[in-house]
Structure formats: C-alpha cells, structure tokens
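Each remark here refers to the structure printed beneath this line.
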Amino acid sequence: MKLLLDTHLLLWAAKGFEYLSPSAQKLMSVPENELFFSAVSLWEIVIKCGLGREDFKVDPHLLRRGLLDNGYIELPMLSKHAIAIGTLPSIHKDSFDRLLVAQATVEGITLLTADAHVAAYPGPIQHV
C-alpha cells in the first residue's frame with residue numbers, strides 16, 4: 001500500500017516513532033507499504049516555521065534528508081494536483097491540507113492524517 005503522510009505525522013515521526021498513534025505506527029511498520037512525503041508538507045513547514053509556529057520548528061533540509069535516508073519517497077506538487085483542489089468539497093480551509101488531499105486522490109495514494117477535518121474528505125484518506 002502507498003501511504004502519504006500529512007505534515008503533522010511527518011513532524012511527529014521525525015521526533016520519534018513513539019509520538020505517532022499505535023495505528024499510524026502499525027501501518028508505517030509494514031515493510032510492503034511505501035511511505036511518501038509531499039513537497040507541499042515541506043513548503044508548509046518552511047512557511048509556518050518562518051511565522052514562528054512552535055509546532056513547526058524543524059530544519060526542513062534535515063527533515064527532507066532524513067526522510068529520504070529512511071526510504072520515504074518524495075511526491076512533487078504538480079499542476080494536476082492544484083487543479084484537483086477545485087473538485088474538493090469545502091470541508092476544510094487549510095490550503096496545505098487541501099493540496100495533500102488532492103495529491104492523494106489524483107495519485108491513488110492513501111493519505112494518513114491525525115486531523116479529523118481532513119479525514120472527512122471523500123477519497124483515499126485514513127484517520128490514524
């Protein structure tokens with residue numbers, strides 16, 4: 001199974017596996033599952049860290065390198081992902097989350113999220 005982690009799950013995984021929920025740990029531990037991270041998440045981290053958000057304080061260069069070194073696959077942001085946002089219902093106003101939902105839908109990758117608002121979208125989304 002292909003799994004795209006939302007931004008908070010990436011940050012929590014970078015802090016330590018114990019910060020993740022048991023269901024996230026279980027899914028991420030299955031060797032056959034492919035773990036993806038989005039360029040959108042790194043963009044979000046850079047912006048929110050720059051705004052002084054404590055929950056986003058991480059060096060994005062080190063995070064990206066660590067993800068790649070640990071076998072995560074980088075998912076670029078493409079124009080077809082941006083266009084797909086127009087097909088989403090108005091459940092959640094966060095542009096970054098909406099982009100992640102669009103990417104998961106277009107690419108057929110399951111988006112893992114701890115956010116109940118994001119999990120309310122139709123499509124390949126799993127609340128963990």
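As a basis for the values below, the full set of heavy atoms in this structure was taken, side chains included, without hydrogen atoms, waters or symmetry mates.
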Would a 4.5 Å heavy-atom cut-off, applied to side chains only, mark H117 and D97 as touching? no

For the student: nearest non-hydrogen atoms of P60 and L42, plus distance: O-CD2, 4.3 Å

Does the side chain of L20 reach to within under 4.5 Å of the side chain of W12, using non-hydrogen atoms? yes

Can a donor-acceptor pair be found, under 3.5 Å and without considering hydrogens, that links the side chain of Q103 to the backbone of P76? yes

Could you walk me through whether D6 and F96 satisfy the side-chain contact (heavy atoms from CB on, under 4.5 Å) test, starting with their C-alpha distance in whole Å, then the side-chain angles of each, then the deciding distance to 0.1 Å, before giving a yes or no? CA-CA 9 Å; D6 77 1; F96 297 108; over 6 Å; no

Just verifying a value: how many Å separate D115 CG and T113 OG1, rounded to the nearest 0.5 Å? 4.5 Å

Check: I73 and K2 side chains under 4.5 Å, non-hydrogen atoms: no

Do L63 and F37 make a side-chain contact, defined as non-hydrogen atoms from C-beta onward lying under 4.5 Å apart? no

As an exercise, state the distance from CG of L4 to CD of E107, rounded to the nearest 0.5 Å. 9.5 Å

Looking at NE2 of H127 and CG of L112, how far apart are the two atoms once the value is rounded to the nearest 0.5 Å? 11.0 Å

When every non-hydrogen atom of S41 is compared with those of T7, the smallest separation belongs to OG-OG1, 2.8 Å

Less than 4.5 Å apart, any side-chain heavy atom of H8 and any of D55? yes

Is there a side-chain contact (heavy atoms from CB on, under 4.5 Å) between F36 and E74? Walk through the geometry before answering. CA-CA 6 Å; F36 287 78; E74 185 171 1; over 6 Å; no

First locate atom CD1 of I47, then atom CZ of R53, and finally report the distance between them rounded to the nearest 0.5 Å. 12.0 Å

Tightest non-hydrogen contact, residues L11 and I45, listed as CD2-CD1, 3.8 Å

Validation row: L51, F56 side chains within 4.5 angstrom (heavy atoms): no

For I125, run the side chain to side chain contact (heavy atoms under 4.5 Å, CB included) check against V101, T105, L100 and tell me which one passes. V101

Does Y121 use its side chain to pair, donor to acceptor, with the backbone of H92 at less than 3.5 Å? yes

Contact check, side chains of L67 and L10, non-hydrogen atoms, under 4.5 Å: yes

Quick one: CG on L35 to CE on M1, what's the gap to the nearest 0.5 Å? 11.0 Å

Please find the pair of heavy atoms, one from M77 and one from A82, that lie closest to each other, and give the distance. CE-CB, 4.1 Å

Mind checking whether L5 and M28 have side chains closer than 4.5 Å, heavy atoms only? yes

